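Order of the sequence lines fixes the chain letters, A, B, ..., with proteins taken first and strands second; residue numbering starts at 1 for each chain. For clarity, every value in this text was computed on a predicted model and none was experimentally measured.
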Amino acid sequence: MLINIKNNWELPESMVTSESVYRSRRTFLKSLGYGLGGIVFSPSYLNGANIGFSTELNPLYVLKELDLTPYNLITSYNNFFEFSTDKEGPKKLANKGWNSEPWMIEVRGLVRNPIKMDVNDLIKKIGGIEQRVYRMRCVEAWSMVIPWNGFPLSKLIKLVDPTADAKFVKFTSFIDPGQAPRQRRRNIHWPYVEGLTLSEAANELTFMGTGLYGRAMPNQNGAPIRLVVPWKYGFKSIKSIVKIDFVSKAPINTWQALQPREYGFFANVNPNVSHPRWSQATERIIGGGFFESRKETLMFNGYEKEVGHLYYGVDLRKFY
Amino acid sequence: MKGQLVNIFRFKLFIYTMLALPGLYMFYPILSHNPIFLADPAKYLLEYFGKTATLLFIFVLSLSPMRVIMPNFKIIASISRYRRMFGVSVFVYIVFHLIFYLIYEGIFSQIVENLKTPFILSGVFAFFILFILASTSTDWAVKQIGYSRWKCIHRLAYLAALLIFYHQALQEKNGIVQTIYFFAPLAILEFLRVGKYVLKKSFNKY
Ligand code: HEM
């Protein structure tokens, strides 16, 4: 199925500096009026993979009109199938001796400068981290608003310098059945794998998360480094990454391998394409309360301006 | 005689209390500020009552095979007398399941839309069966219908069990392990009941 993609959809050669993105960012900025109110992070929380880095809020990525999801809920209501399939399981089980520090990460494949180093060293090499507030929409029809810390993946891409053959980026998570109880079962082919096209990976929105709310990334949220792709369903934002490969063919991501009819490669947030068991037109707001009504789900989770151009001419019903 | 009556009354009160406890337990996550509850209360309670009703239903269905397998076990015989009451409480809990589902889904058009999915449809069919069973569970209804016909109608419970198995299995995201854990005891007991029946029959031949 994936082989067809290239026929139906020409990969834009370069999109990082595309003018439409630049322009939309400026209007975005204007509408915000540079307002940063509300979120001030205490530097005393900075530890783990945020050590010694100041984290300024990036004014381009503030969602002033939305309330942040409380820290307690972001770090308690987790999907992390390596540890548990319950929402409450990961918080308990990922903090029972699983070590996310020190952590080596390897970037390799069709690149000119492969690297393999400790996450903290990588952050230093990238030039530090910043803060961004993103919406997070889970495929299970719920959503959060999360202040992440980290750096744009595009910076890492520039660093490793992919060759012309690199068309996709494959992300691989850790494997440690001793600490991650679910990895002892074989109904999922571990380790967890995710993928993006190179142009998706190089988009300004695509982010490598190293923390949230100014603190180091909690284990249950994917310490010490994870992907954050806010216009795709949450499962695309792979946690606890150990390996990034630049490749020429589309990798088969874990959920697509498990249930190809329910979860695709792109997994863009799309209110018009239902999951076989529920509608994706609306979402529940985490922490919203008992009678909080559903909110309408936005195309590309509200990031259409930033990423819509990536999918011109793509049949999003077919490539869900 | 008087003493016996009091005992039965106590026992009945005891059973009522036991049946009400899962419902009261619903307030525990509210009072303890369980973050999973706070994240999405309607979803939490929807799932909670789905599981509670299903476990209770499986327990009710287990009573008759248990009685066949262990005829001398007194507690099962006494509980079995209140089987209909257990059955009615399954229905009450599934009404809660439905109410919290309606709150969770919230939007009428979406609820109608979802009726097309086999997942929701199996739940709705099971709900109707439970409704029929619960509404024919008074002494008056049993008398009106006649015991043998009543028994026949109540065999629908096994169809409901199959539908609920399907409903719960579909809802799982990865495999059907939880569903199998839920239903395994009932499956084993039914297997033993049939086994005992077959053995008895073959003994009677000789
Ligand atoms: C009235 C029609 C019904 C509707 C609309 C309905 C709907 C639902 C929904 C939306 C879920 C949650 C799925 C999820 O978490 O993604 C669910 C789960 C469940 N339902 Fe129902 N259901 C119905 C009837 C029943 C009945 C009759 C039973 C059994 C007596 C039942 C047992 C369950 C169970 C065991 C779960 C799984 C809970 C969990 O483990 O999280 N449902 N149902």
Side-chain angles (χ1 to χ4, degrees), chain A residues 69-79 81-82 84-92 138-144 182 185-189 192 220 235 254-255 257-259 262-263 271 274-297, chain B residues 26-51 96 99-124 166-182:
Chain A
T69 306
Y71 181 82
N72 178 34
L73 299 187
I74 297 174
T75 57
S76 302
Y77 195 76
N78 304 111
N79 277 329
F81 274 41
E82 281 80 344
S84 168
T85 50
D86 292 335
K87 294 283 185 293
E88 62 265 55
K91 188 178 184 172
K92 263 180 265 160
C138 178
V139 74
E140 297 166 347
W142 52 263
S143 68
M144 296 183 180
R182 279 260 152 183
R185 297 196 188 173
R186 249 158 280 163
N187 46 0
I188 292 180
H189 196 286
Y192 196 89
Q220 65 271 27
F235 70 84
T254 297
W255 277 106
L258 277 171
Q259 315 258 13
E262 299 184 10
Y263 312 104
S274 296
H275 185 276
R277 270 170 290 147
W278 58 83
S279 160
Q280 296 289 26
T282 59
E283 64 206 43
R284 304 271 307 170
I285 298 175
I286 293 302
F290 200 80
F291 288 108
E292 168 98 20
S293 57
R294 285 173 175 247
K295 197 186 87 175
E296 279 192 19
T297 292
Chain B
M26 149 188 162
F27 294 101
Y28 178 70
I30 305 178
L31 298 173
S32 66
H33 298 283
N34 178 347
I36 308 301
F37 170 82
L38 292 175
D40 194 344
K43 174 105 193 232
Y44 184 97
L45 293 172
L46 155 70
E47 292 181 354
Y48 173 71
F49 282 110
K51 278 186 217 158
F96 279 108
I99 290 171
F100 288 117
Y101 168 70
L102 296 176
I103 294 171
Y104 167 78
E105 207 59 60
I107 299 164
F108 182 73
S109 62
Q110 215 159 285
I111 291 167
V112 173
E113 186 72 16
N114 286 354
L115 280 176
K116 286 185 209 148
T117 67
F119 165 61
I120 294 295
L121 215 51
S122 58
V124 171
Y166 180 72
H167 177 72
Q168 192 183 0
L170 269 192
Q171 162 274 154
E172 283 200 56
K173 272 176 290 177
N174 176 226
I176 55 167
V177 178
Q178 190 199 52
T179 309
I180 287 173
Y181 281 158
F182 272 44

Which atoms of [X] come close to chain A, meaning under 4.5 Å heavy atom to heavy atom: side chain ones, backbone ones, both, or neither?
X        : result
B/Gln178 : neither
B/Ile103 : both
B/Tyr104 : both
B/Gln110 : side chain

Kindly write out the residues that satisfy salt bridge (Lys or Arg N to Asp or Glu O under 4.0 Å) with A/Arg277, not counting sequence neighbours, or none if the list is empty. A/Glu262
Side chain, backbone, both or neither: which part of [X] has an atom under 4.5 Å from a heavy atom of chain B?
X        : result
A/Pro70  : neither
A/Trp255 : side chain
A/Ser279 : both
A/Gln259 : side chain
A/Thr69  : neither

Most heavy-atom pairs under 4.5 angstrom with chain A, which of [options]?
options                      : answer
B/Asn34, B/Thr117, B/Asp40   : B/Asp40
B/Asn114, B/Ile120, B/Leu170 : B/Leu170
B/Glu105, B/Glu172, B/Glu113 : B/Glu105

So, B/Phe27 versus B/Phe37, ring centres under 6.0 angstrom or not? no
Side-chain contact test, heavy atoms from C-beta onward, threshold under 4.5 Å: evaluate it for B/Ile99 versus B/Phe49 and give yes or no. no
Is the closest basic N to carboxylate O distance between [X] and [Y] below 4.0 Å?
X        : Y        : result
A/Glu88  : A/Lys91  : no
A/Glu283 : A/Lys295 : yes
B/Glu47  : B/Lys51  : no

Run the salt bridge (Lys or Arg N to Asp or Glu O under 4.0 Å) check on A/Glu140 and A/Lys87 step by step: do they pass? CA-CA 12 Å; A/Glu140 297 166 347; A/Lys87 294 283 185 293; 3.0 Å; yes
Side chain to side chain contact (heavy atoms under 4.5 Å, CB included) between B/Tyr44 and B/Ile36: does it pass, once the steps are laid out? CA-CA 7 Å; B/Tyr44 184 97; B/Ile36 308 301; 4.0 Å; yes
Flag if over 12 foreign heavy atoms under 6.0 Å of CZ, B/Phe96: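 Atom CZ in B/Phe96 is not packed in, count stays at 12 or less.
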Flag the one option from A/Phe291, A/Trp142, A/Phe290 with the top tally of heavy-atom pairs under 4.5 Å to chain B.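 It is A/Phe290.
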